[in-house]
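What follows is one structure encoded as structure tokens, with my remarks underneath.
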Amino acid sequence: MIEQFQWSENEVTPQQLPELELEERLQQIPWAENELGIEQPSASSLDIVPRQPGTISRSVVDSVGAIPNELYDRLGLTMPRWLLWILTAVIGIVFSGLLVSTVALWTPLWSNLERTDEEWGFSGQDEPKVPLPGELWGNISQYKLSRPMNILIMGVDPVSGTVDGSPESFIGTSDTMLLVRLNPSNQTMRVLSIPRDTMIAMPEQGLTKVSEANAQGGPVLAARVVSRTLNNAPIDRYIRISTSGLRQLVDQLGGVDVLVPQGMQQEDSSNHLVSGWQTLDGEQAEMFARFREPGLGDLPRVQRQQMLITALLERLNSPTVLPRLPQLTRLMRKYFDTNLKTEEMMALVNYSINLERDNLQMTILPGTFSRFSQDPNSYWLNLNGQQSLLNNYIGVDVPGLRPDLRPVNQRKIAIQNASSQPQLTEKVIKYLKDKGFTNVYAVSNWPDTERQTQIIAQKGNRQIGVELNKLIGLGEVQVSSIGDLNSDLTIRIGDDWK
């Protein structure tokens, strides 16, 4: 029999932070209202042996029951026997409570999950068998999502003077913010990158940047302002990752392979990255994800973060890494703060490792930079024509918001040459204009040669990418925001274009 796990109401553990005291003044985020279920394998599949009622001999019962009577006779007590029975029971209960309390003080939480097979040793047949991490991960394929869920993921800036993994280390501003939607009905994972400079309305503060929400009120406030900004989008769970967590994860994975589009030099530091394919270690991956070019806002950095996400998922799916996932999970627990339960984490990992590459789709929250703003980096939300994006990426419908129904030949198409033939750029532009495309333009060449042409659906709409593929007869459709930022679609020309 498969049991359904229910989300616990308003759970914000395991890290209980001082800033969460704001919950008393702010309306609670309904973490559990949507009753998201996790299918858990049956006890038999986990080889769990339930505790069987023991068979106690009659002689044992009689000997135990005779103790108060013997004390009564030997001590020569004059009190009634029924009163002695009551006192014996009370003393036994008090002593048992003290013993349990003492053991609890010296026993760490999650002790059963942290212990290895060697530490458990061999158990007798009469002892209950507790499922260990290895056993749980061995049955991970049986943990499944039963309906869509939205997870808010935040990469938190380091807080000066705090210890990694402590509650205080997670109260900084969010350098990175992602809203991830997992939908088991169509087996997709959609990632909506929210630029850190996105302007939102904060309770008691008015307009400010979304990166301040975690520092002001923790994950509860961050989830609330993101939800309200996106027409009360449901947010089921959160994950906060410290900067040290990213470094440790990459190092434990043995690095990640990433194409660095251009050289990067960190201010006041000797650290730098050269352009081209590289295997980045943890420190280099952090620089790649956080580097910010002056005058370009946060969008180029969001693009690199999406490239890093893809590289990490590919590395996690490596046959050499999969067996180490339980060990990595225990190691990384220090650098993660989340209200996901163990069963939920396993369901998410199972979902991720079985995800088809085409079903990982990423885009950036639609918006613009305002020349009238005092802060040139401030990013202002613009949802005109984005009904399908909101529905697909966060699961909400906005009344009165119309979808963008323009045909593909009226979209903005950027042409980026990634082939070994420089003359192809103009050839492709002419080809598309002859087919009736009205807004086609060239952008800087891609710094790496691609064998296969890519059609990058910059705004998260896979369908228009498929339509373009049918019109030109080639091109791998990729849904992410790693093409030209001003385009609807980017054609990255490969050597297969003749």
Side-chain angles (χ1 to χ4, degrees), residues 145 147-153 176-195 226 230 233-237 239 258-259 289 299 301-317 348-367 383 385-398 403-406 408 411-414 416 450 452-470 475-492:
L145 297 178
R147 71 169 186 80
M149 69 178 298
N150 293 345
I151 305 175
L152 183 65
I153 301 179
T176 305
M177 185 174 284
L178 309 170
L179 187 57
V180 179
R181 180 170 178 80
L182 309 173
N183 192 346
S185 64
N186 55 17
Q187 291 299 307
T188 57
M189 176 188 292
R190 292 190 170 102
V191 180
L192 182 65
S193 295
I194 303 175
V226 170
L230 299 176
I235 297 180
D236 302 292
R237 287 292 183 262
I239 300 174
V258 172
L259 174 64
L299 298 189
R301 181 166 64 168
V302 170
Q303 289 183 305
R304 292 194 304 275
Q305 290 169 359
Q306 291 190 1
M307 295 168 66
L308 186 60
I309 290 171
T310 303
L312 282 170
L313 287 177
E314 290 179 354
R315 185 66 178 139
L316 284 169
N317 284 331
L348 297 184
V349 173
N350 180 38
Y351 190 91
S352 300
I353 62 179
N354 289 290
L355 187 71
E356 297 289 338
R357 181 178 178 182
D358 289 344
N359 289 340
L360 171 62
Q361 301 173 14
M362 297 181 284
T363 191
I364 298 175
L365 182 68
L383 296 177
Q386 300 297 333
Q387 178 56 65
S388 59
L389 182 144
L390 291 174
N391 185 270
N392 291 333
Y393 280 79
I394 56 179
V396 298
D397 291 307
V398 180
D404 188 349
L405 300 178
R406 289 177 298 156
V408 66
R411 306 279 182 153
K412 296 180 67 175
I413 312 293
Q416 186 174 53
E450 300 285 351
Q452 184 177 12
T453 297
Q454 298 175 8
I455 298 175
I456 302 171
Q458 184 75 19
K459 301 295 178 63
N461 188 340
R462 179 177 175 79
Q463 183 56 39
I464 61 171
V466 173
E467 292 175 12
L468 181 58
N469 170 271
K470 291 178 180 179
E476 178 190 22
V477 179
Q478 182 177 351
V479 185
S480 62
S481 296
I482 62 173
D484 179 64
L485 287 168
N486 296 315
S487 70
D488 293 303
L489 295 165
T490 298
I491 298 179
R492 188 168 288 165

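Atom CG of residue L365 and atom CG of residue L178 lie 11.5 Å apart, to the nearest 0.5 angstrom. Going from atom CD1 of I456 over to atom CD1 of I482 covers 4.5 Å, rounded to the nearest 0.5 Å. One finds the CG atom of N392 at 11.5 Å from the CG atom of L192 (value rounded to the nearest 0.5 Å). Taken from CG in L389 to CD1 in I364, the straight-line distance is 11.0 Å, to the nearest 0.5 Å. Distance CG/N183 to CE/M149: 12.0 Å, rounded to 0.5 Å. Rounding to the nearest 0.5 Å gives a distance of 9.0 Å between CG of D358 and CD of Q478.
Of all heavy-atom pairs spanning L308 and A289, the tightest one is CD2-CB, 3.9 Å. Closest non-hydrogen pair, S487 versus D484, comes out as OG-O, 2.9 Å. Residues R411 and L405 approach most closely at NH2-C, 4.4 Å, considering heavy atoms. Contact between V479 and G460 at its shortest, heavy atoms only, is CG1-CA, 3.6 Å. Of all heavy-atom pairs spanning A233 and V396, the tightest one is CA-CG1, 3.5 Å.
Contact check for D397 versus Q387: side-chain heavy atoms found under the 4.5 Å cut-off. Looking at L485 and Q303, their side chains come closer than 4.5 Å, going by heavy atoms from C-beta outward. A 4.5 Å side-chain heavy-atom check between T188 and R462 finds every atom pair outside the cut-off.
Looking at D404 and Q386, their side chains never bring a donor and an acceptor atom within 3.5 Å of each other.
Under the side-chain contact (heavy atoms from CB on, under 4.5 Å) rule, L179 has a single partner from I153, L230, V191, which is L230.
Between R406 and D488, at least one side-chain nitrogen of the basic residue sits less than 4.0 Å from a carboxylate oxygen of the acidic one, meeting the salt-bridge criterion.
Every residue meeting the side chain to side chain contact (heavy atoms under 4.5 Å, CB included) condition with N354, not counting sequence neighbours, appears here in chain and number order: N350. Partners of R181 under the salt bridge (Lys or Arg N to Asp or Glu O under 4.0 Å) rule, at least two apart in sequence or in another chain, do not exist in this structure.
Without hydrogens or angle criteria, N469 side chain to G475 main chain gives a donor-acceptor distance under 3.5 Å. The backbone N or O of I151 lies less than 3.5 Å from no partner atom in the side chain of D236, so there is not a single donor-acceptor pair. Checked by atom type and distance alone, the side chain of Q306 pairs as donor or acceptor with a backbone atom of S481 at under 3.5 Å.
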